[in-house]
Amino acid sequence: MAPIETKNLEKHWLNYWEKEKIYSFDRNSKKKIFSIDTPPPTVSGEMHIGHAYSYSQQDFIARFKRMSGFNIFYPFGTDDNGLPTEKLIQKLKGVKSKDFSREDFISLCLKTLKEITPEFVQGWKDIGISCDYDLYYSTIDGNSRKISQKIFLELYKSGLIYKADFPTLWDTEFQTPVAQAELEDKEKESLFTTIKFQADGKILPIATTRPELLPACLAIFVNPKDKRYKQLIGKQATVPIFNNKVPILADTHADMEKGTGALMICSYGDKNDVEAVKKHNLPPKIIITKDGKINVPGYELPIKEARARILEDLKNRDLIIKQERVKHVTNVYEKSGKEIEFLPVEQWFIKILDKKKKLIEQGKKINWYPEHMQKRYENWIHGLEWDWSISRERHFGIPIPLWHCKACNHVIPAKPEELPIDPVQKEKFCNKCGAKAEPETKVLDTWATSSLTPQIASSLANNKIKLPYSLRPQAHDIIRTWAFYTIVRSLYHENKIPWKDTIISGFVTLGGEKMSKSKGNIIRPKAITEESGADSLRYAAAASKLGEDSDYQEKDVITGKRFVNKIINASNFVFMNLKHQKKAKLHETDRLLLQQLNRTIDSATSAFEEYNYIKAKSEAENFFWKTFADNYLEIVKNRVYNGTKKEKESAFYTLYNSLLAVTKLMAPITPFITEEIYQQHFRKYEKEKSIHVSSWPKKISLSKRKEDDKVWNRMIEIITAARQAKSEAKKSMKAPVVLTLPKSDHKLLAKVLDDVKSVITAQEIKEGNFSIEFV
RNA sequence: GGCCCCGUAGUCUAGUGGCAAAACGACUCGUUUACACCGAGUAGUCAGGAGUUCGAUUCUCUUCGGGGCCACCA
């Protein structure tokens, strides 16, 4: 038969599933619930191959659990709240958010999202992700806003959220505070300049990569053990150009090996400066503006230009001792790529630093797949140095729902019934002093909402889904954000872990490299599905391991395509001759085949239970391809064509049940072709309207004998030997032979010898030393 | 600097304290009553060293190589 056309077939079943609501969560069912905290992808133009793989992988599990009798709660959300969306809209519409009022920009965002989201989500449907798309949320929709604000207020009341005004991680491009989790390392080349300070009438050399911060210099640190500078401790140094005096302090933080051993403290060059200022109680001088400029007279320029000018001035005044190019690593904001600054701004935090131990304990209660991902979670917590910054100075996001009374310094939270609310849109008066209150203008960071996906999703089903969810699937790069934050919120709000299990997926790379638009090495899932079908794509995804980045292998897709073709052909053969048999007295070979099937069902099932879809797939496929197609079908052909009524009945029964089982075992991986086969051939005998809501295969009850495996294996061994002999003799597989078997084999194989004889086209089977001779 | 993962055929991956496996590729054949998007067969592999063990690809240590997370980053 010609290769099958997957495109229309897949489209057909997609429509059928949607129309018949095959994947609907049943609110009234008494079945056990398996709940999945689906990752909401960030809305962008098109689904990425990494998405295609990781969502396929979680879908294998969802489908397996559905067939295993669970009521699947598998919602679908999109994350379209916050900076990434703001950036996307700016790009799509060619506008700048800061040119809009908050209200206007939000409505532009919402309008644009409405246009682009359906097509974006279609990508998930097209590869057969079996979410209940009626359980849909967006992290910016009214319901999400309400929940996010409500929980914010609850936390605020319980004292776990606080507002503080201190130096924080600041991105000058987006002009907003950012969280520790949003930082990335970037190696860059800088000029490392040694500058002449004056102290005690002598030159005090100080090396820096940030000379533009000279006007913000507050102190000089030297190591108390450093003999070079010991006598300077307690004295003052003069800052070049600006000629102000700053104290020289002893601090072990000054590393004698680095630079000149003397270190200037400025407000603020990096995190150490922040700590130093706090520790020594130095009065900060803030010279960096929110948009990344220096505000010192004569140097009112963007940071880099100010640096150049100050270096020029230093050079002109002969204040530079030496300059060298150095490579060093700096923190940049992951979304802008710009270096992070530290600016004192008012912002909101969720307390986490004092809960590290508890958070680690929570992590231990969750089953991580693979296990070692838990270490990454712990590692992150160990390294935390800041509370979780949740406020952003942006337009598009969920507003922080409160007002400040400047007159009496009182905070007025929104009332629960007012939510969701934008405080900017509503006038409030202080309930203490009666003065007009100022609305809080900051918005919540997107993670502050997406960390509530369990609560948001549950609200779509009348809050029927309780923590912990059964499963959280996600990628490893967001352990420190999404996983971590969700665990934080679940602990604070419900004193629970958010999920029992979490499966962590890896990335898909190409030639060992991360795919990116800038490199132009993107593989589009759509291109694969159009060429080879969604089943093939999913099949390839089933070959890549949890937790590990794996290279995109076209051969896996091709193998998937081959499988699809093979199973449809095998089904065609089986049903070409088959008369349905409810029961049959089993021929010995058939009984043995079904034993092998039972074993496969066992191992595939337990592999799926452990989220090992790779093994489940290969067990099912091995049985199908090797045992069933290559051997059993060949063995049984003779009986199907020429057998007695009883022999045929046994064969039909076995063919039907083993093919049905294999089709079901593969249904989670390749849902389209298995549905096609089910509907085309099995549906008239089976009651369920889709294979995907049919029951997971159970072992067929059979009589067992001790020697079963031995008989089956010996049988295959003989068949293989015969094939080998024919191949080596360059003869046709149908070449007649005479088989000679020792007496022990005659005894062992007595009941299956007729099948052996026909499959190897033996004219007769003699007794004696093992041999295969050509006639 | 701390922690973690990985190293198996030409390629990409399974796997186990006791015969090293599949797929793709290569090579040699075959085939028309499921399938040339096919079938059969052949060749080819545990990074190096040490230890534990009757026995190590598997466990331990170590070297080398690849990757990741975190910290540092004057």
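For the numbers below, each heavy atom of this structure counts, side chains included, while hydrogens, waters and symmetry mates do not. All figures in this text were calculated on a predicted structure; none of them were measured in a lab. Per chain, numbering begins at 1; letters A, B, ... match sequence-line order.
Spacing between B:rG49 and B:rG41 at atom C1', rounded to whole Å, works out to 39 Å. Taking atom P on both B:rG55 and B:rC19, the two are 15 Å apart, rounded to the nearest angstrom. Straight-line distance between the C1' atoms of B:rU45 and B:rA9: roughly 4 Å, to the nearest whole Å. Atom name P, nucleotides B:rA40 and B:rA22: the rounded distance is 12 Å, in whole Å. Nucleotides B:rA71 and B:rU58 are separated by 34 Å at their C1' atoms, to the nearest Å. Between the P atoms of B:rC59 and B:rC6, the separation comes to 9 Å (whole Å). For the P atom pair drawn from B:rG30 and B:rA47, the interatomic distance equals 39 Å after rounding to whole Å. With P as the reference atom, B:rU52 and B:rA14 are 32 Å apart, rounded to whole Å.
Residue A:Asp630 has its side chain nearest to B:rA40 when only B:rA71, B:rA40, B:rC12 are considered. When distances are taken from the side chain of A:Ser732 to each of B:rC5, B:rA71, B:rG30, the shortest belongs to B:rG30. In this structure, the nucleotide among B:rC29, B:rC72, B:rU11 sitting nearest to the side chain of A:Asp185 is B:rC72. Each of B:rC3, B:rG41, B:rA23 was ranked by its minimum atom distance to the side chain of A:Asn379; first place goes to B:rC3. Of the candidates B:rA23, B:rA71, B:rA40, the closest approach to any side-chain atom of A:Ser727 belongs to B:rA40. Distance from the side chain of A:Arg723 is smallest for B:rA40 among the nucleotides B:rA71, B:rA40, B:rU28. Considering only side-chain atoms of A:Trp625, the nucleotide from B:rC5, B:rA23, B:rG39 that sits closest is B:rG39. Between B:rU28, B:rC72, B:rG41, one nucleotide has an atom nearer to the side chain of A:Thr720 than all others, and that is B:rG41. Comparing atom distances between the A:Glu728 side chain and each of B:rG41, B:rA71, B:rC29 picks out B:rG41 as nearest.
For A:Pro211 against A:Ile195, the heavy-atom pair with the smallest separation is CB-CD1, 4.1 Å.
Of the side-chain N and O atoms in A:Lys726, none sit less than 4.0 angstrom from OP1 or OP2 of B:rU28. Between A:Gln724 and B:rA40, a side-chain N or O to OP1/OP2 separation shorter than 4.0 Å is absent. For A:Lys566, a side-chain nitrogen or oxygen approaches OP1 or OP2 of B:rG39 to under 4.0 Å. OP1 or OP2 of B:rA14 has at least one side-chain nitrogen or oxygen of A:Lys545 nearer than 4.0 Å.
With rounding to whole Å, A:Met733 atom CE is found 12 Å from B:rG39 atom P. Taking atom CG of residue A:Asn272 and atom P of nucleotide B:rC72, one finds them 7 Å apart after rounding to whole Å. Following rounding to the nearest Å, A:Phe575 (CZ) and B:rU33 (P) show an atom-to-atom distance of 22 Å. Going from atom CD of A:Gln553 over to atom C1' of B:rC12 covers 5 Å, rounded to whole Å. When rounded to the nearest whole Å, the span between CG of A:Asp551 and P of B:rG66 equals 17 Å. A:His328 has its NE2 atom 14 Å from the P atom of B:rC72, to the nearest Å. When rounded to the nearest whole Å, the span between CG of A:Asn622 and P of B:rA23 equals 8 Å. Straight-line distance from the CD atom of A:Glu385 to the C1' atom of B:rG2: 14 Å, rounded to whole Å.
Using a 4.0 Å heavy-atom cutoff across all strands shown, A:Ala254 reaches at least one base atom of the nucleic acid. Residue-level contact check: A:Glu621 touches neither bases nor backbone, having no heavy atom under 4.0 Å from any strand. No engagement by A:Met264 is indicated, since no non-hydrogen atom pair under 4.0 Å with the nucleic acid exists. Residue-level contact check: A:Lys188 touches neither bases nor backbone, having no heavy atom under 4.0 Å from any strand. Contact annotation for A:Asp549: no contact, since no heavy-atom pair falls under 4.0 Å across all strands. A:Ser618 comes within 4.0 angstrom of no nucleic acid atom, judged by non-hydrogen atoms across all strands.
With A:Asn631 contributing its side chain and A:Thr627 its backbone, the two residues share no donor-acceptor pair below 3.5 Å. For A:Asn565 (side chain) and A:Lys561 (main-chain N/O), no donor-acceptor pair under 3.5 Å exists by modelled atom type.
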RNA chain B base-pair string [pairs: Watson-Crick or G-U under 3.5 Å; |: paired with another strand] = (((((((..((.(....[..).)).((((((....).)))))....(((((..]....))))))))))))....
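A:Val759 pairs by the side-chain contact (heavy atoms from CB on, under 4.5 Å) definition with A:Glu634, A:Ile635, A:Ile719, not counting sequence neighbours. Checked against side-chain contact (heavy atoms from CB on, under 4.5 Å), A:Glu728 has the following partners two or more places apart in sequence or in another chain: A:Gln724. For A:Asn642, the side-chain contact (heavy atoms from CB on, under 4.5 Å) criterion is met by A:Asn638, not counting sequence neighbours. Residues forming a side-chain contact (heavy atoms from CB on, under 4.5 Å) with A:Ser389 (at least two apart in sequence, or on another chain): A:Pro177, A:Gln347, A:Phe349, A:Arg392. Partners of A:Phe221 according to the ring pair (Phe, Tyr, Trp, His ring centres under 6.0 Å) rule, which considers only residues two or more places apart in sequence or in another chain, are A:His280. Qualifying ring pair (Phe, Tyr, Trp, His ring centres under 6.0 Å) partners for A:Phe682, counting only residues two or more places apart in sequence or in other chains: A:Phe575, A:Tyr656. Evaluation of the ring pair (Phe, Tyr, Trp, His ring centres under 6.0 Å) rule for A:Trp388 yields A:Tyr485 as partners, not counting sequence neighbours. Checked against ring pair (Phe, Tyr, Trp, His ring centres under 6.0 Å), A:Phe60 has the following partners two or more places apart in sequence or in another chain: A:Tyr613.
Comment: A:Arg210 engages A:Glu341 in a salt bridge, judged by a side-chain N to carboxylate O separation of less than 4.0 angstrom. With salt bridges taken as basic N to acidic carboxylate O contacts below 4.0 Å, one links A:Arg639 and A:Asp590.
Ring-centre distance between A:Trp170 and A:Phe342: not below the 6.0 Å cut-off.
Near RNA chain B, meaning a heavy atom under 4.0 Å away, there are no residues from residues 210-224 of chain A. Within residues 368-377 of chain A, the residues having any heavy atom under 4.0 Å from RNA chain B are, by residue number, A:His372, A:Lys375, A:Arg376.
Comparing A:Glu548 and A:Ala729 against RNA chain B, the residue whose closest nucleotide sits nearer the 5' end is A:Glu548.
Sorted by first and then second residue, the pairs that involve residues 614-625 of chain A and meet side chain to side chain donor-acceptor pair (under 3.5 Å), not counting sequence neighbours, are A:Tyr539-A:Glu621, A:Ser603-A:Glu619.
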